Amino acid sequence: MPKSTPVQITEILDGGKTDQVVSIKGWIYRTRSSGNIVFTVIRDGTNIIQATVKRGNLKDDEFEDAKKALIESSVIVTGVVVEDKRAPGGYELRVESFHVIQFAEVFPITEDQSPEFLMDKRHLWIRSQKLNAVFKVRSTVVGAIHTFFRDNGYIEFDAPVLQPNQCEGGSTLFEVKYYDTKTFLSQSWQLYAEAAVFSLGKVYNMGPTFRAERSKTSRHLSEFWMAEMEAAWMELDELTQVAKDEIRFIIQQVLEKNPRELTVLGQDSEKLKKMANTPFPTITYDEAISLLNEKAGMNIQWGKDLRTLEENTLMQYFETPVVVTNYPLEIMAFYKPPDPLNPKTALCFDMIAPEGYGEIIGGSQRGLDIDYMKKRLQETGEKIENYQWYFDLRRYGSVPHSGYGVGVERVVAWICRLDTIKDAIAFPRTMNRYSP
RNA sequence: GCCGUCCUAGCUCAGCUGGUGGAGCACUCGGCUGUUAACCGAGCGGUCGCCGGUUCGAAUCCGGCGGACGGCGCCA
C-alpha cells in the first residue's frame, strides 16, 4: 500500500489535500463501471467524493474488487487527490489502492422508496445524506440549548422519568408496570422543576418526553425530546423574552455550524439569517382572534383554542416565529394562573413557528393559588393526594415563577424544512410505530 | 375518537366490463477507459396483505379481518 495519511472527505473538498496521496475510510455510496474504469462514490459521514479506479493503476485483484463491491461495502481507499471539473464536488481521488473491508450484501434501499419502507429499514436509512444532515443540525440545536442556558446562569436539573402524576392531562399518559403498582412515563419535567427553583433559582433540562396522544400528523411523536426551563421570580414578559432569545441563538448556531447541511436539506440560509435578525412579535390571543376574523375573514369565537388551521392562517401574516399570550383560562392546564389584569385569560404563551410548523414552545407563569388548582384538578378527575407535595411548594416560601418547554424535534423540523417531524429524530415512535 | 387513501417481484408501480401475472430499478452474466442514482444485450425474480363468498374460472366482483400512510381534534 502506498504511503498515505488518513483524512476526512470534507478536508479534501475544502481543497486542503489537493495533489497529495491520502487514504479515506468509508462506505460505497454509488458505483458505476465501464470496462476498465470504475467510478465509486464514497461516503465517510463527513461528505461524499468520487474515487476513480483505472485498471493498471492498482493491483488487478483490487481493481476486480472495486468492480464487484456493492453499495455500502466498507472500504479503505488510497490515491491522489485531483481537482477535476468532471467529478461531482470538483475533486476526485485517483485510486492506487482499493481495500474492501467487507463486501456488503445487496443493499435493500434503492432509488425508489416509500415512507413505510424507509421506516422499516430505518437502521439503514439513517446513513442517507438527508438524515446525516438532519442529525448534524439536531446536534447543533441540542448543543445550543445547553450553551444558551448555561451561559445565562441556569443549572441543569434532572427529574424522574417514572412519575406518579399527570401534568398535561391523564388521557395521554403511558402507563408502566411498577412492581405491584403502576406509574407513568414523564409527560413533562415541569412539576419537579418547580420544586427545583426553590433550591437553584434557574434550572433547565432536556430529555425524552412521552405522550400517548392519538395523533397521526406530521407534527406529532409519542416520544420526543423537550427542552424545558423554569425560573423563580420570573414573570410572563421576561419569560417570553428568554424564549425568543433562545430560539434566535439556536438559529444563529445552526447558521454558523451547518451551512452545508442546510444546503443539503434545501433550506434557505439567507431567509434564516434574516429571521434571526428580526425581532419576534408578541401578540395576545385577543389580537390573534381579531386578526383572523377581520383580516382573514374567519369566524373564530372567543374561548376556542387556536387550531392548526387558525395557526397556519395567522402565520401568513408573519415571517418570524410569533409569541401568542393570554389564551382563555378555561382551556388551559390546571397550573396556569389567571391574569389579574384580564382574569378570563391565563398568564401563558405559545410560540408558533412560520410555514406550518406549528407550536414549538408552550409555557406560562405557574399558579400559586392552591384552592384554584385543586378545583381544576378535581374537574378533570385527578386525585388530589398525588399533588400534595406540589402544593407544599406554595406553602414554604412561595414566589412567582415561570417556565416553558421547547419541542426539540419541532424546532429541528422547522429549521431543516422537513416534511415530517419523524425525520427530526433517528428512530421515531408514533402511534403505529415502535420498531426498529 | 372521526374522516380519507393505499396494500401486486427485494423496491417503485401498471394490470380495463372476471379468462394462463407485467414494466422500470436492484441483482447475476456479457459489452464498454470519464461516468454523474451511466449506457447496450441477456437472465434471475410472485402465497397479487389474510380469511371467506359469488363464479366453470377471481389480482380483478362482494363481505369480514389485518397492516400502513395522511388529515382533524389534542399537544411541543
Side-chain angles (χ1 to χ4, degrees), chain A residues 28-41 48-57 63 67-68 70-71 82 84-90 92 94 104-121 125 128-129 167-172 187-190 206 208-228 243 304-312 327 331-333 349-353 356-363 404-414 419-422 424-425 430-433:
Chain A
I28 296 179
Y29 181 66
R30 299 275 181 265
T31 181
R32 300 175 279 274
S33 79
S34 178
N36 290 317
I37 183 164
V38 180
F39 299 99
T40 305
V41 180
I48 58 174
I49 189 169
Q50 172 168 289
T52 306
V53 190
K54 288 183 183 176
R55 191 190 289 281
N57 289 355
F63 177 80
K67 206 168 176 180
K68 75 179 187 203
L70 300 181
I71 286 175
V82 176
D84 192 321
K85 273 180 274 182
R86 294 171 297 183
E92 67 178 20
R94 303 265 168 87
E105 295 179 26
V106 177
F107 200 61
I109 301 174
T110 60
E111 67 183 279
D112 293 313
Q113 306 141 348
S114 64
E116 180 187 352
F117 183 72
L118 293 180
M119 222 41 105
D120 286 339
K121 303 293 180 193
W125 182 235
S128 64
Q129 294 295 298
C167 182
E168 300 291 334
S171 63
T172 65
Q187 275 180 324
S188 173
W189 158 93
Q190 178 194 321
M206 186 161 20
T209 300
F210 306 87
R211 294 197 186 170
E213 290 160 355
R214 306 185 83 80
S215 305
K216 289 172 285 186
T217 79
S218 56
R219 299 179 309 281
H220 286 87
L221 294 166
S222 305
E223 176 182 320
F224 65 97
W225 283 61
M226 189 146 68
E228 298 179 82
K304 301 273 187 188
D305 206 353
L306 295 182
R307 297 173 307 164
T308 308
L309 175 65
E310 282 93 66
E311 283 183 2
N312 291 346
Y327 284 80
I331 57 174
M332 292 289 118
F349 81 99
D350 282 351
M351 186 186 289
I352 306 172
Y357 285 94
E359 262 183 76
I360 51 173
I361 298 183
Y404 64 78
V406 177
V408 173
E409 287 79 11
R410 286 193 180 171
V411 170
V412 171
W414 163 52
D419 295 332
T420 168
I421 195 168
K422 292 176 192 177
I425 189 166
T430 63
M431 225 179 121
N432 292 321
R433 162 93 45 193

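Chain identifiers are assigned alphabetically (A, B, ...) following the order of the sequence lines, protein sequences preceding nucleic acid strands; residue numbering begins at 1 within each chain. What you see is a predicted model; the values in this text were computed from it and never measured.
Within the 4.0 Å cut-off from OP1 or OP2 of B:G71, not a single side-chain nitrogen or oxygen of A:R307 is found. Between A:S218 and the phosphate of B:G71, there is a side-chain N or O to OP1/OP2 separation shorter than 4.0 Å. Contact between the side-chain N/O atoms of A:S34 and the OP1/OP2 oxygens of B:U35 is not found at any separation under 4.0 Å. Dashed line: the shortest gap from a side-chain N or O of A:K422 to OP1 or OP2 of B:G70 is under 4.0 Å.
Looking at the side chain of A:H220, the nearest of the listed nucleotides B:C74, B:G71, B:G10 is B:C74. The side chain of A:I421 lies closest to B:A76, out of B:A76, B:G1, B:C32. Taking the side chain of A:M226 as heavy atoms from C-beta on, and the options B:A76, B:U12, B:G73, the nearest nucleotide is B:A76. The listed nucleotides are B:U35, B:C2, B:C75; the one nearest the side chain of A:R410 is B:C75. The nucleotide whose nearest atom lies closest to any side-chain atom of A:E359 is, among B:G34, B:U28, B:C75, B:C75. Comparing B:C11, B:C75, B:G73 by their nearest atom to the side chain of A:R211 picks out B:C75. Comparing B:C3, B:G73, B:A76 by their closest approach to the side chain of A:K216 singles out B:C3.
Across the protein-nucleic acid pair, A:Q113 atom CD and B:C11 atom P stand 12 Å apart, rounded to whole Å. Per the geometry, CD belonging to A:E213 stands 8 Å off C1' belonging to B:A76, to the nearest Å.
Residue A:P115 is out of contact with every strand shown, counting any heavy-atom pair closer than 4.0 Å.
Checking A:A87 against A:L70, the closest nucleotide of RNA chain B that is more toward the 5' end is the one next to A:L70. Residues A:Q50 and A:P108 each lie close to RNA chain B; by heavy-atom proximity, the contact nearer the 5' end of the strand is made by A:P108.
The pairing partner recorded for B:C72 is B:G1, the criterion being a Watson-Crick or G-U wobble arrangement whose two distances lie under 3.5 angstrom. Across all strands shown, B:G18 forms no Watson-Crick or G-U wobble pair with both distances under 3.5 Å. Pair assignment for B:C6 gives B:G67, based on Watson-Crick or G-U wobble hydrogen-bonding distances that are each under 3.5 Å. Summarising the base pairing, B:A23 is matched to B:U12 through a Watson-Crick or G-U wobble pair whose two defining distances lie under 3.5 Å. For B:A42, the paired base is B:U28 (Watson-Crick or G-U wobble, both distances below 3.5 Å).
Look at the C1' atom in both B:C25 and B:G64: the space between them is 36 Å, to the nearest Å. Rounded to a whole angstrom, the distance from the P atom of B:A37 to that of B:A76 is 43 Å. Using atom P as the reference point in both B:C40 and B:C3, the two lie 49 Å apart (nearest Å).
Taking CZ from A:R211 and CE from A:M226, the interatomic distance works out to 4.5 Å, rounded to the nearest 0.5 Å. Expressed to the nearest 0.5 Å, how far CD1 of A:I37 lies from NZ of A:K67 amounts to 11.5 Å. Taking CZ of A:R30 as the start and CZ of A:F39 as the end, the distance is 16.0 Å to the nearest 0.5 Å. With values rounded to the nearest 0.5 angstrom, A:Q187 atom CD is found 9.5 Å from A:T209 atom OG1. Taking CD from A:E116 and CZ from A:R433, the interatomic distance works out to 7.0 Å, rounded to the nearest 0.5 Å. Atom CG of A:N57 is separated from atom CZ of A:R94 by 9.0 Å, given to the nearest 0.5 angstrom.
Side chain A:T308 to base B:G73: no donor-acceptor pair is found below 3.5 Å. For B:U12, its base never sits under 3.5 Å from the side chain of A:E111 at any donor and acceptor pair. Applying the 3.5 Å distance criterion, the base of B:G10 shares no donor-acceptor pair with the side chain of A:E105.
Both stacking criteria are satisfied for A:F224 over the base of B:A76: a centre-to-centre distance under 5.5 angstrom and an angle between ring planes under 30 degrees.
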